[in-house]
There are 2 protein chains.
Amino acid sequence: MATSETAAAIFAALGDPTRLSLFAALGDGAAHSITELADDAPVTRQAVTKHLKALERAGLVASARNGREIRFVMRREAIDDAKGFLNHIGAQWDGALDRLKAHVETGEA
Amino acid sequence: MATSETAAAIFAALGDPTRLSLFAALGDGAAHSITELADDAPVTRQAVTKHLKALERAGLVASARNGREIRFVMRREAIDDAKGFLNHIGAQWDGALDRLKAHVETGEA
DNA sequence: ATAAGGTGCAACCTCATGGTTGCGTATTTC
DNA sequence: GAAATACGCAACCATGAGGTTGCACCTTAT
């Protein structure tokens, strides 16, 4: 399970619009080069490079050099990590509410 | 469905460790006051106030004044919004991989 | 060999963020 | 009414984030 700090890092990585777009662009399952991704982005190649490194640090994408270019792919597991954390909080919330409901129904005005 | 920008805002809100902690603290389903939350946080009450406002702007929590204090509660739906976005990307990825697999199996070495 | 394509590095700028401190205001409580 | 509680506002500070530009470096194509 993703620790709280890891989760925060993942969310932070997805928290920037440009980065989220890049991540979503990798959702096609294919491997894309920096230039390729930069062409579809409204910012400089350098900016894209920084964002991809950020995504990689957060474990959201992986890269591999291929000749003169580097191809990035989405790390699918990362999505499940993030969802896992959200599920955790959600479940905690649901559980608390269930207990409250039970408490009320059992008596105690 | 959460738009891309909304999703980024949600993720950004959860992207800070302190804020994620506060949000998780509200996972017990109860309504907590600022001072209450600040007592369990490693930062100033003012910092907590700022973070709570940020969470509220992102739609992750809701607040209601009660006399001299303000009680914050988690907006459970927000979690599902975030999960929905992740599911979207995940599904896209899965779909792409399925198509690739089908493509390979249908012929084409 | 030369040119073109893909990336790395570094300096630089601006602005938002996370945090603090200090003081003022409303609400309880005694 | 006075003291304690819970909060708001504003100034301030340091750092980091997002972005750009310019140039150098390696790889592939001609």
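Just so it is clear: chains get the letters A, B, ... in the order the sequence lines come, proteins before strands, and each one is counted from 1.
In this entry the distance linking CG of A:N66 with P of C:dG6 reads 12 Å, nearest Å. Remark: C1' of C:dA16 and CZ of B:R57 are 11 Å apart, rounded to the nearest angstrom. One interatomic measurement links the two molecules: CZ of A:F72 to C1' of C:dT7, which rounds to 10 Å at whole-angstrom precision.
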How far apart are the C-alpha atoms of A:F72 and A:H32, what are their side-chain angles, what is the distance that settles it, and do they pass the side chain to side chain contact (heavy atoms under 4.5 Å, CB included) test?
-> CA-CA 5 Å; A:F72 284 83; A:H32 298 271; 5.7 Å; no
Derivation and outcome, side chain to side chain contact (heavy atoms under 4.5 Å, CB included), residues B:R76 and A:D94 = CA-CA 9 Å; B:R76 218 286 191 193; A:D94 295 339; 2.5 Å; yes
Do A:I10 and A:D81 pass the side chain to side chain contact (heavy atoms under 4.5 Å, CB included) test, and can you show the C-alpha distance, the side-chain angles, and the key distance before you say yes or no?
-> CA-CA 9 Å; A:I10 293 180; A:D81 280 4; 4.1 Å; yes
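To the nearest 0.5 angstrom, A:S63 atom OG is 8.5 Å from A:I34 atom CD1. Once rounded to the nearest 0.5 Å, the distance linking CG of A:L55 with NE2 of A:H51 reads 8.5 Å. From A:I79, atom CD1 reaches atom CG of A:L60 across 8.5 Å, with rounding to the nearest 0.5 Å. For the atom pair CG of B:L52 and OG of B:S33, the computed distance is 9.5 Å after rounding to the nearest 0.5 Å.
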Atom pairs under 3.5 Å: protein N/O with N/O of nucleotides 5-7 of chain D:
{"residue": "D:dT5", "atom": "O4'", "partner": "B:R68", "partner atom": "NH1", "Å": "3.2"}
{"residue": "D:dT5", "atom": "O2", "partner": "B:R68", "partner atom": "NH1", "Å": "3.3"}
{"residue": "D:dC7", "atom": "OP1", "partner": "B:I34", "partner atom": "N", "Å": "3.3"}
{"residue": "D:dC7", "atom": "OP1", "partner": "B:I70", "partner atom": "N", "Å": "3.0"}
{"residue": "D:dC7", "atom": "OP1", "partner": "B:I70", "partner atom": "O", "Å": "3.4"}
{"residue": "D:dC7", "atom": "OP2", "partner": "B:T35", "partner atom": "N", "Å": "2.7"}
{"residue": "D:dC7", "atom": "OP2", "partner": "B:T35", "partner atom": "OG1", "Å": "2.3"}
{"residue": "D:dC7", "atom": "N4", "partner": "B:R45", "partner atom": "NH2", "Å": "3.2"}

What protein N or O atoms touch nucleotides 17-19 of chain D N or O atoms at under 3.5 angstrom, if any, and at what distances?
{"residue": "D:dG18", "atom": "OP1", "partner": "A:R19", "partner atom": "NH1", "Å": "3.3"}
{"residue": "D:dG18", "atom": "OP1", "partner": "A:R19", "partner atom": "NH2", "Å": "3.2"}
{"residue": "D:dG18", "atom": "OP2", "partner": "A:R19", "partner atom": "NH1", "Å": "2.8"}
{"residue": "D:dG19", "atom": "OP1", "partner": "A:T18", "partner atom": "OG1", "Å": "3.1"}
{"residue": "D:dG19", "atom": "OP2", "partner": "A:H51", "partner atom": "NE2", "Å": "2.3"}
{"residue": "D:dG19", "atom": "N7", "partner": "A:K50", "partner atom": "NZ", "Å": "2.9"}
{"residue": "D:dG19", "atom": "O6", "partner": "A:K50", "partner atom": "NZ", "Å": "2.6"}

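Note on ring orientation: taking the six-membered ring where Trp is involved, the planes of A:F11 and A:F85 are perpendicular (angle over 60°, cut-offs 30° and 60°).
Side chain to side chain, A:T35 and A:E69 fail the donor-acceptor criterion of an N or O pair below 3.5 Å.
Comparing the axis of the opening five pairs of the helix from C:dA1-D:dT30 to C:dC30-D:dG1 with that of the closing five pairs yields an angle of 30°, rounded to 10°.
A continuous path of hydrophobic side-chain contacts links B:I70 to B:M74 [ILVMFWY only; heavy atoms under 4.5 Å].
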